[in-house]
Protein chains: 2
Amino acid sequence: MVEFVPARGIPIYIQIRDALRAEITGGNLRRGQQLPSENELAARFHVSRMTMRESIEGLVNEGLLYRRHGVGTFVALPRPQREHAKPTSLSDEDDNEHTQVKLLELKVIPATPKVAQALDIPAGSHVILVKTLHYADGVPITVQNAHIPYKLFPGLLNENVGVQHLWTLFEKAGYRVRRAVQRLEAREASKQVAHWVNIQEGAPVLFKECTVYADNGTPVEFTYCYSRGDLYTLTVGLERGRRVGQ
Amino acid sequence: MVEFVPARGIPIYIQIRDALRAEITGGNLRRGQQLPSENELAARFHVSRMTMRESIEGLVNEGLLYRRHGVGTFVALPRPQREHAKPTSLSDEDDNEHTQVKLLELKVIPATPKVAQALDIPAGSHVILVKTLHYADGVPITVQNAHIPYKLFPGLLNENVGVQHLWTLFEKAGYRVRRAVQRLEAREASKQVAHWVNIQEGAPVLFKECTVYADNGTPVEFTYCYSRGDLYTLTVGLERGRRVGQ
DNA sequence: GAGTGGTCTAGACCACCCG
DNA sequence: GGGTGGTCTAGACCACTCG
């Protein structure tokens with residue numbers, strides 16, 4: 001935490017933040033340990049205290065540090081799991097190498113009333129349906145029906161849908177994905193779902209409805225998912241808002 | 001957004017933030033509308049630009065505004081639902097007046113290995129078991145088994161458990177609840193669960209495991225929940241971290 | 001009282017976007 | 001080029017906690 005040569009091009013407060021994060025996750029700073037005061041850190045890194053605070057702020061938001069007014073700044077425990085849970089457009093943890101995705105259908109259809117409402121478009125508008133089957137270790141786990149407003153992404157049909165996350169395509173089109181709302185239920189498998197994921201009709205499935213929003217609030221995706229109850233666990237990290245209402 | 005008399009005792013940036021939030025949610029500022037520049041707002045509220053930015057920052061984090069470098073600050077759509085989803089220690093949306101909670105059991109037991117691991121305490125340590133049944137509109141929906149390290153809250157047994165959220169009790173004891181991790185599955189109802197929520201054995205239930213952490217990273221609660229699949233929907237808001245990795 | 005984090009100022013220069 | 005947000009400074013005073 002002593003030697004520090006700022007690079008050009010990258011904001012200093014981010015460089016300091018990265019340096020501190022490395023110290024913490026690397027184990028040089030132990031859990032519960034108190035950091036030097038903001039003034040001392042600012043002097044050590046040769047920046048103003050405001051800049052130093054900006055660095056610390058980010059780590060507090062990440063949950064790596066916490067502050068106590070009038071006392072000091074401390075190292076929190078390592079993050080329990082995948083916090084800052086990025087909402088993902090697929091089945092939430094499909095990033096590892098043991099998962100595969102198979103494209104079942106890709107076509108333009110009129111939006112059902114429910115889909116239209118979720119996407120905030122007129123009922124019957126064109127939406128792109130992306131139906132996929134998701135495997136883990138070769139076993140089919142999840143059937144997913146994603147709906148995307150055709151107007152927002154008219155070029156989507158030419159892209160490599162199913163291979164990349166839909167999100168990647170959204171960002172290419174200039175929509176920064178920011179929020180998602182999921183609704184979760186336990187249901188009985190319909191005949192169709194049972195067929196796809198290879199279980200008995202009526203067996204429990206985790207049903208998920210998910211609406212994804214860009215940072216300007218536009219809904220960009222509405223998805224139904226059906227996952228095998230016996231093989232699928234959805235993990236969600238929740239965080240309390242920062243300084244909200246205070 | 002013009003007249004503004006700062007009150008004493010409350011930080012100005014919070015007062016400005018509240019004023020702006022009211023403008024937005026009140027509908028005076030429409031979605032997509034551009035706000036005056038930071039400089040102009042600072043002048044209007046008679047504060048420095050840094051203070052003005054602090055106000056805006058919070059609203060951006062809440063998702064009410066978004067910024068575009070070199071362009072301006074804009075009003076996002078109203079929040080889709082209960083974003084900033086506070087993790088709640090109960091079944092997640094038990095705040096309204098149509099829900100009741102019945103205390104089934106309250107006792108100290110030795111921690112099972114799984115509970116001990118989740119709470120980061122030695123196996124067999126004392127934990128407080130709070131078993132509750134949650135009703136919506138008079139219908140039993142959820143059975144919950146909450147486990148709390150006895151060492152952290154030795155006085156909990158004397159409190160009005162079951163009436164207030166456990167969280168309230170945590171905060172009284174000086175633990176600020178900050179994060180939670182939930183694991184969700186669809187399962188078949190066991191005979192016991194089926195009995196409590198009045199469904200057939202084998203019917204689908206939403207199973208939830210939840211670990212709750214204080215802001216210093218200490219696990220304060222580990223909970224199992226079983227909810228009727230046909231009547232219960234869990235809604236979760238996800239947000240992308242701010243400036244994470246950037 | 002001494003030290004900490006919390007708030008706030010009045011400037012500055014930079015990076016980005018647009019016409 | 002002109003306006004926007006992004007970064008940064010070198011101070012100041014306040015509110016909180018603890019010994």
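A quick note: this is a predicted structure, and the numbers were derived from the prediction, not measured. In what follows, every heavy atom counts, from backbone to side chain, and hydrogens, waters and symmetry copies are set aside. Numbered from 1 within each chain, the chains take letters A, B, ... in sequence-line order.
B:R53 meets the salt bridge (charged side-chain N to carboxylate O under 4.0 Å, His left out) test with B:E38; sequence neighbours excluded. Considering only residues two or more places apart in sequence or on other chains, A:K114 meets the side-chain hydrogen bond (donor to acceptor under 3.5 Å, both in side chains) condition with A:E209.
The separation between A:L65 atom CG and C:dT4 atom C1' is 15 Å, rounded to whole Å. Atom-to-atom, CE of A:M52 to C1' of D:dG11 comes out at 18 Å; the value is rounded to the nearest Å. One atom, CZ of A:F45, and another, C1' of D:dT7, lie 17 Å apart when rounded to the nearest Å. As rounded to whole Å, 10 Å separates atom P of C:dT4 from atom CG of A:L41. At whole-Å resolution of the value, CD in B:E38 and C1' in D:dG6 are 8 Å apart. A:M50 has its CE atom 15 Å from the P atom of D:dA12, to the nearest Å. Separating the CG atom of B:L35 from the C1' atom of D:dG3 is a distance of 16 Å, rounded to the nearest angstrom. In this entry the distance linking NE2 of B:H46 with C1' of C:dA10 reads 16 Å, nearest Å.
Considering CG of A:L65 and CG of A:L59, their distance stands at 5.0 Å, rounded to 0.5 Å.
Between A:R49 and A:E54 there is no salt bridge, since no side-chain nitrogen of the basic residue lies less than 4.0 Å from a carboxylate oxygen of the acidic one. The pair A:R30-A:E23 does not meet the salt-bridge criterion, since no charged nitrogen lies less than 4.0 angstrom from a carboxylate oxygen.
Within the 4.0 Å cut-off from OP1 or OP2 of D:dT9, at least one side-chain nitrogen or oxygen of A:S48 is found. Close to C:dG5, at under 4.0 Å from its OP1 or OP2, lies no side-chain N or O of A:R53. Close to D:dT9, at under 4.0 Å from its OP1 or OP2, lies a side-chain N or O of A:T51.
Between B:T218 and B:N216, the side chains place a donor N or O and an acceptor N or O closer than 3.5 Å (distance only, hydrogens not considered).
Checked against C:dG5, D:dC8, D:dG5, the side chain of B:R67 finds its nearest nucleotide in D:dG5.
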B/S/- contact track for nucleotides 13-19 of chain C, protein heavy atom under 4.0 Å: --BBS--
When you look at B:D120 and A:R31, which way does the salt bridge (charged side-chain N to carboxylate O under 4.0 Å, His left out) test go after all the steps? CA-CA 14 Å; B:D120 196 22; A:R31 65 159 82 168; 3.6 Å; yes
